Each structure stands twice: as C-alpha cells, then as structure tokens.
Trainee: 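For reference, the structure I am asking about is given below.
Convention: sequence-line order gives letters A, B, ...; per-chain numbering from 1. Remember, predicted model here, so these are calculated numbers, not experimental data. The basis for the numbers below is simple: all heavy atoms, side chains too, and nothing from hydrogens, waters or symmetry mates.
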There are 2 protein chains.
Amino acid sequence: MKAARFTKGAKNGGRRDDVLEAAAALFATKGYAATSIRDIAQQVGLMSGSLYYHFESKEEILLDSHAKGVEQVTAAVQAALVEAGDNPWDRIGAACRAHLTTLLGPSPFSQVMTPQFPQSFESSLRDALLAQRNSYEQIFRSLVSETALPAGIDPSLFRLSLLGALNWTLTWYRPGGDDSPAFIADNIVNIFRHRLDG
Amino acid sequence: MKAARFTKGAKNGGRRDDVLEAAAALFATKGYAATSIRDIAQQVGLMSGSLYYHFESKEEILLDSHAKGVEQVTAAVQAALVEAGDNPWDRIGAACRAHLTTLLGPSPFSQVMTPQFPQSFESSLRDALLAQRNSYEQIFRSLVSETALPAGIDPSLFRLSLLGALNWTLTWYRPGGDDSPAFIADNIVNIFRHRLDG
DNA sequence: CCTACCGATCGGTAGG
DNA sequence: CCTACCGATCGGTAGG
C-alpha cells in the first residue's frame, strides 16, 4: 500500500528532491533557458508531463532549486560560525570557507544561486530569487559590520567584492586542480584581510 | 548605386554592426539561450531570415559580439595604461577603472564577456570564447606580475579575485545609483591594495 | 505517473 | 534582404 499523497507543496521528499537535484545540476551547467523540462525528466527517469504532478511550472522548479541552494549554503555557513571564535576576521574566514566549499562541492544546488539571471526574468520571479539571496547575504552584511575596516573602505563594497571574488571561482575552478576550495577560500580572505589586521 | 558586397567576413560595417550591437544588448539582458534570432532581427528592423545574409549562425553572432566586447575593453584598458605612470599600483588602478567604466558603460558589447556560459556550450564554441578572453586577461596577468605582492599571496588568485570583484558589479550595479563606475573601481582597487603598499 | 497531444516558437533554408 | 516555409523542440495540459 502506497503512502498517501499530500498537496504539492508538502515537504514530502522522495522524487521531488530527485527532480530538484537533477534540475539544479542542469541549470548550473546548461543554464535555465537552455535546460528543457524533458532534460530534467530524463535525468530522473520520468516523462516530461509527469513533472507537472510534482511542480506547477518550470519556474517553480527553479525557485525551489534556488531555495534549496540558499538553504544549504546558509546551513553550512551558520554551522561554521558556531565553531568559529570571536575574532571578526576568523569569523569572516570561516564563513567564506563554508561558502566556497559548498559552492564548489558536489551538491549542485548552491550553484543555482550565483548566475546573474535576475535581469532576464520577469520581475515577480526575479524578486523572489533576490529575496532568497538577500536573506543569505545578510549574514555577510552582519559579519562585515562587526569587523573594523580602514577608513575609506565602504563595508557594502567590501562585502560585494568579497562575494564577487568567491563566486567568480565558478568561472575558473576545475575540480581536478591542485588547490582545494578550502585553500582557495582562505587565500581569498587573505587578500581581503591584508593590512587590515595591523 | 550600392557599394559592392564582399564576403561575409569582411570588415564591412553598416548593418552588420547594428545587428551585433542589438544582439549584444539582448544577450546581456536575456542571456544567449533566451534570445531568439527573431528578437535580434526585430531590434534592427529585419526579418529573421535576413540575418543569415550577414551571419552563418546564431553562434557566429555570439562569437562576433564577444570579440567586439573584448576589443573594446582591451582598447580602453590599453589607452588608460598609456597615460598611466610607472607605479605598478597606479597601473592596476588605471586598468581597473577602464575595465569597469567600459563594462558598466553604455556599450553592450563588453557585458557579453562576463557571463559564465563557457560550461554550457560545446567545446568548440567555448574554446573560441575562452581564447578571446584569455588574450585580454593577459594584460592583467602582466600587470600583476609587475607588482610586488606580500608573501603568501598567489598572483593568479589575486588577479582572478580582482577581476571577480570587478565583474561581479554587473550583478548589483544599477546606473542610477550614487557611485560612478570610476569611483567603484577605485575603491575596489583600494580594497585589494591595502597594506600591500606599506 | 504515462500517453498523447496542443499551439507556439525555435534556428535555419530555398528561392527569389 | 523578404516570403514562405522546414523539421524539431519548447512548456504545458487532458484524460486516464
């Protein structure tokens, strides 16, 4: 006897998560527009029409994938911050390491977060995506605000540049390389920390 | 009497450039995959089929737009470097300012340079795009190599982080804001320069 | 969750 | 450079 079915929005895991994971991987490599509903369905062994039993639209798949990415990175960063000490730069370092190891790690969800697609979508979809990211970036806003920056360095620009340097790794990082994501993260933080700690 | 027609690859300006500019603007805002050949044609008042008198394929339009973007940014940076002095950090500053003012300026070509699409395309197209960018990034490779960095800072990672911070501005910069691209560039360079100049 | 299908749109071509 | 069109594919739906 099969388990009862809930409404589509339910937290019922199973196939729904499989679809989201496959979709995230395709969105990350091919891009959202170039990924067809049939591509996604094929990856999980479904017919394209069957996806609409789990989701209402392709946009919903994107939104849910994006939300999962934000959730995962948020969880990783918050866990790292619990174990980090009190030193502001150590905390930024821990957050960046968690951010980058998640972003460059095996889970495809986080990569859905970084493309610049906001511009190309309708404002309703774009706003939803930006809201999700915004709550995550608030962590960095807070970390930077607790850190003493030299005069003349704008905290917002500092945060955006740091996140830019981190996220830009997706452009050039190749898993087989010499440097691990953690090593890269530490060194990027090092670049941003220089002279600031006396 | 109309001017004679050359082969398609000729440097014959006119409509060809109009098509490239319209295409670049659409690629930058909607993305390559989400931009149709009909979108481009409509922007320049042509029928979609007529584009194939000027170009062999949609990919060729992308490649040529991308090449124009690289050309423009390269020209801007090189011109800035001619007027810059000998101080390595001044030269990096001048290059970054030229890079960012072009990237955030009115010409849409440069924005075609920054998306991370390489992954999503076939290797032949991807290789061609990467080669074009690579020749441009060589300028920054050279500028960084002429600059004294503190021990423990890898020049490649420094360059990639700097370009990442600059290019990431496309994600958040809005033309109406308080800060000009030149101001933003100077301050980003400031972040990367700290403590390095004693 | 599948079968079968919808209208719309895609990149590209022939023929002028 | 346009008209008219090609086969392929798109997101999504009905009906079971």
Trainee: Test your reading of the model: is there a side-chain donor-acceptor pair from B:Arg133 to the backbone of B:Val70, 3.5 Å cut-off?
Mentor: no
Trainee: Using whole Å, what does the distance between atom P of nucleotide C:dC1 and atom CD of A:Gln42 come to?
Mentor: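 In whole Å, C:dC1 P lies 16 Å from A:Gln42 CD.
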Trainee: Between the protein and nucleotides 2-6 of chain D, list the N/O to N/O atom pairs that are separated by less than 3.5 angstrom.
Mentor:
| unit_1 | atom_1 | unit_2 | atom_2 | d |
| --- | --- | --- | --- | --- |
| D:dC2 | OP2 | B:Met47 | N | 3.0 |
| D:dC2 | OP2 | B:Ser50 | OG | 2.3 |

Trainee: Please report the distance, rounded to the nearest Å, between CD1 in A:Ile37 and C1' in D:dG12.
Mentor: 9 Å
Trainee: If you look at every heavy atom in A:Lys30 and A:Thr35, which pair is closest and at what distance?
Mentor: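 What the structure gives for the nearest pair is CB-OG1, 3.6 Å.
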Trainee: Report the distance from atom CG of A:Leu100 to atom CG of A:Asn187, rounding to the nearest 0.5 Å.
Mentor: 11.0 Å
Trainee: Do the side chains of B:Ser145 and B:Arg141 get nearer than 4.5 Å, heavy atoms only?
Mentor: no
Trainee: Would you indicate, yes or no, if C:dT9 has its OP1 or OP2 atom less than 4.0 angstrom from a side-chain nitrogen or oxygen of B:Ser36?
Mentor: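 It does not, given that no N or O in the side chain of B:Ser36 lies less than 4.0 Å from OP1 or OP2 of C:dT9.
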Trainee: Whole angstroms only, please: what is the NZ-P distance between A:Lys58 and C:dA8?
Mentor: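 So the NZ-P distance, A:Lys58 to C:dA8, works out to 19 Å.
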Trainee: Are B:Thr102 and B:Gln72 close enough that a side-chain donor and a side-chain acceptor fall under 3.5 Å?
Mentor: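 There is no such pair (donor and acceptor under 3.5 Å, judged by atom type) between the side chains of B:Thr102 and B:Gln72.
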Trainee: How many Å lie between OH on A:Tyr52 and P on D:dG12, as a whole number?
Mentor: 4 Å
Trainee: Quick check with a 6.0 Å cut-off and a 45 degree axis cone: is B:Lys58 positioned over the face of B:Tyr32's six-membered ring?
Mentor: yes
Trainee: Distance only, no hydrogens: is a donor on one side chain within 3.5 Å (strictly under) of an acceptor on the other, for B:Ser124 and B:Asp127?
Mentor: no
Trainee: From the list D:dG12, C:dC1, C:dG11, which nucleotide is the closest neighbour of the side chain of A:Arg15?
Mentor: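 My answer, after comparing the listed nucleotides, is C:dC1.
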Trainee: Please report the interatomic distance CZ(B:Arg91) to OG(B:Ser142), rounded to the nearest 0.5 Å.
Mentor: 8.0 Å
Trainee: Let's test your reading of the pairing rules: Watson-Crick or G-U wobble, both distances under 3.5 Å, then write DNA chain D as a dot-bracket string with ( ), [ ], | and dots.
Mentor: ||||||||||||||||
Trainee: Within this structure, what is the CG-to-C1' distance between A:Leu125 and D:dG11, rounded to whole angstrom?
Mentor: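 Nearest whole value for this atom pair: 15 Å.
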Trainee: Mind calculating the distance between OH (B:Tyr53) and P (C:dG16) to the nearest angstrom?
Mentor: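 After rounding, the reported distance stands at 18 Å.
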Trainee: I'd like to know if the side chain of B:Ser50 reaches the main chain of B:Leu46, judged simply by a donor and an acceptor atom lying under 3.5 Å from each other, with no hydrogens or angles considered.
Mentor: no
Trainee: Starting at atom CD of A:Glu56, determine the distance to atom C1' of D:dT13, rounded to an integer number of angstrom.
Mentor: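 From A:Glu56 CD to D:dT13 C1': 13 Å.
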Trainee: Could you state the CD-P distance from A:Glu122 to D:dG11, rounded to the nearest angstrom?
Mentor: 15 Å
